[in-house]
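This report concerns only the one structure given below.
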Amino acid sequence: MEQVMIIGSGCAGWTAALYTARAGLQPLVLTGAQPGGLLTTTNLVENFPGFPEGVDGFELMSRLQKQAERFGAKISFGTVESVDFSGRPLVLTVDGERREAQTVIIATGASHRHLGLESERQLETKGVTYCATCDGALPVFRNQPLVVVGGGDSACEEALYLTRFGAVVYLVHRRDQLRASKIMAERLLAHPKIQPVWDSVVTEILDVAQDRVTGVRLKNVKTGAEQNLDCAGVFIAIGHVPNTAIFKDQLELDENGYVVRRHGAATSVPGVFVAGDCTDRVYRQAITAAGMGCAAALEAERFLAAG
Ligand code: NAP
């Protein structure tokens, strides 16, 4: 039986591994299907403290992994299929195999909600992105027209952030009213560089043939009219989906599927702790996930010490 099993290998997971490894607990990290998590899909991370020139997302995650392994963290590339937190020990089924743990740290992250277009998939990292804070400042977007898709607080925040870089920012929303909070909506609508495109959906991102983003094909949902809009980047901000489906009947989740956190990093089950984007709908940054991973590790350590 493991003392600590960590589900997920993003910033939260590897930081939890580093701390529990240094405490001599030899944590086992289950990487899941996307080792390194969402950040590995980002070319340049410029807002992780300690890297003044920025750092490649994959490189950052490799460094975190190395640091945790140096102190005895173990890694398994398995995927957790189901969990049974109803008794002790805690039971995980990993690629069909039963594993037992005294404590579990959940750091399964969240996935960006996708539009579901084939062209979106093909042009991801080639002008299609899901994170303005990560990618907005890249040279390819500077002084270019940019498109943000969505009408919530995230889309408004992304659009406002992108006004620092883009020539003009089009906010494409499927209705004629924003879902965002009043203050964000007002700020967005008052900004001279932002042009809302109402009642419209993106039906295709152009241009797969050129292997880079040159524009979007839009359809007005009220009139059915179609038009092309030139742009160098498409920032999709239509919400996130926490990766928590396997915990549905085992832990308290909120109405959007985020793991409910109590007393710092604890969950509704003693010995199960949580960190990062699977429990955080507000900040969703690499550094906040890392901080929560640290907190979850310290809590797990205390739980084990209390016996
Ligand atoms: P959200 O509030 O769920 O908004 C998602 C937006 O995307 C909605 O406008 C929705 O349109 C649109 N959308 C969803 N699926 C779509 C699709 N398939 N195609 C086109 N559009 C689609 O998500 P969020 O903006 O990420 O915010 C999540 C939570 O975090 C919210 O509670 C928000 O207040 C909070 N947040 C707060 C801040 C802040 O206060 N600074 C910043 C970011 C997030 P409809 O409106 O038509 O449904």
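As the structure lists them, so they are numbered: ligands from 1, and atoms in each ligand from 1. The model shown is predicted, which means the values in this text are computed figures rather than measured ones.
Closest to atom 28 (C) of ligand 1 among all protein heavy atoms lies Arg284 NH1, 4.4 Å. Distance from atom 36 (N) of ligand 1 to its nearest protein heavy atom, with residue and atom name: Asp153 CB, 3.6 Å. Shortest contact from atom 30 (O) of ligand 1 to any protein heavy atom: Arg281 O, 3.5 Å. Here the heavy atom of the protein found nearest to atom 23 (O) of ligand 1 is Gly239 CA, 3.8 Å. Regarding atom 11 (O) of ligand 1, its nearest protein heavy-atom neighbour is Arg174 NE, 3.1 Å. The protein heavy atom nearest to atom 41 (N) of ligand 1 is Glu157 OE2, 2.9 Å. Nearest protein neighbour of atom 48 (O) of ligand 1, counting heavy atoms only, is Arg179 NH2, 2.7 Å.
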**OP:** Give the C-alpha distance, both sets of side-chain angles, the deciding distance and a yes or no for side chain to side chain donor-acceptor pair (under 3.5 Å) between Thr129 and Asp135.
**Re:** CA-CA 7 Å; Thr129 148; Asp135 299 328; 2.8 Å; yes
Subject >> Working for side chain to side chain donor-acceptor pair (under 3.5 Å), residues Ser154 and Arg284 >> reply: CA-CA 11 Å; Ser154 293; Arg284 298 187 297 232; 3.0 Å; yes
Subject >> Stepwise side-chain contact (heavy atoms from CB on, under 4.5 Å) test for Glu69 and Ile75 >> reply: CA-CA 8 Å; Glu69 284 177 329; Ile75 183 167; 3.4 Å; yes
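Residue His173 places a heavy atom less than 4.0 Å from ligand 1.
In the model, Tyr130 has no side-chain atom that pairs as donor or acceptor with a side-chain atom of Glu158 under 3.5 Å.
The distance from ligand 1 to the heavy atoms of Arg175 drops below 4.0 Å at these ligand atoms: 45 (P), 46 (O), 47 (O).
At least one donor-acceptor pair under 3.5 Å links the side chain of Gln285 to the backbone N or O of Tyr283.
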Identify all side-chain donor-acceptor contacts of residues 294-307 below 3.5 Å with residues at least two apart in sequence or on another chain.
none

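At under 3.5 Å, not a single nitrogen or oxygen of His114, backbone or side chain, sits near a nitrogen or oxygen of ligand 1. Taking distance alone, with nitrogen or oxygen atoms compared against 3.5 Å, Ser154 approaches ligand 1 more closely than that limit. Inclusion of Gly152 in the set of residues having an N or O under 3.5 Å from an N or O of ligand 1 is warranted. Ligand 1 has no N or O atom lying under 3.5 Å from any N or O atom of His240, backbone or side chain.
Cation-pi geometry between Arg142 and Phe165 is not met at under 6.0 angstrom from the ring centre and within 45 degrees of the axis.
Nearest-heavy-atom check against atom 9 (O) of ligand 1 across Ala237, Gly150, Gly151 picks out Gly151. Taking each of Val202, Asp280, Ile238 in turn, the one with a heavy atom nearest to atom 22 (C) of ligand 1 proves to be Ile238.
Paired with Asp207 under the rule side chain to side chain contact (heavy atoms under 4.5 Å, CB included), one option of Val213, Leu123, Thr214 passes, and it is Thr214.
Rounded to the nearest 0.5 angstrom, Thr244 OG1 and Leu251 CG are separated by 9.0 Å.
Salt-bridge check for Arg98 with Glu100: passed, with a basic side-chain N closer than 4.0 Å to an acidic carboxylate O.
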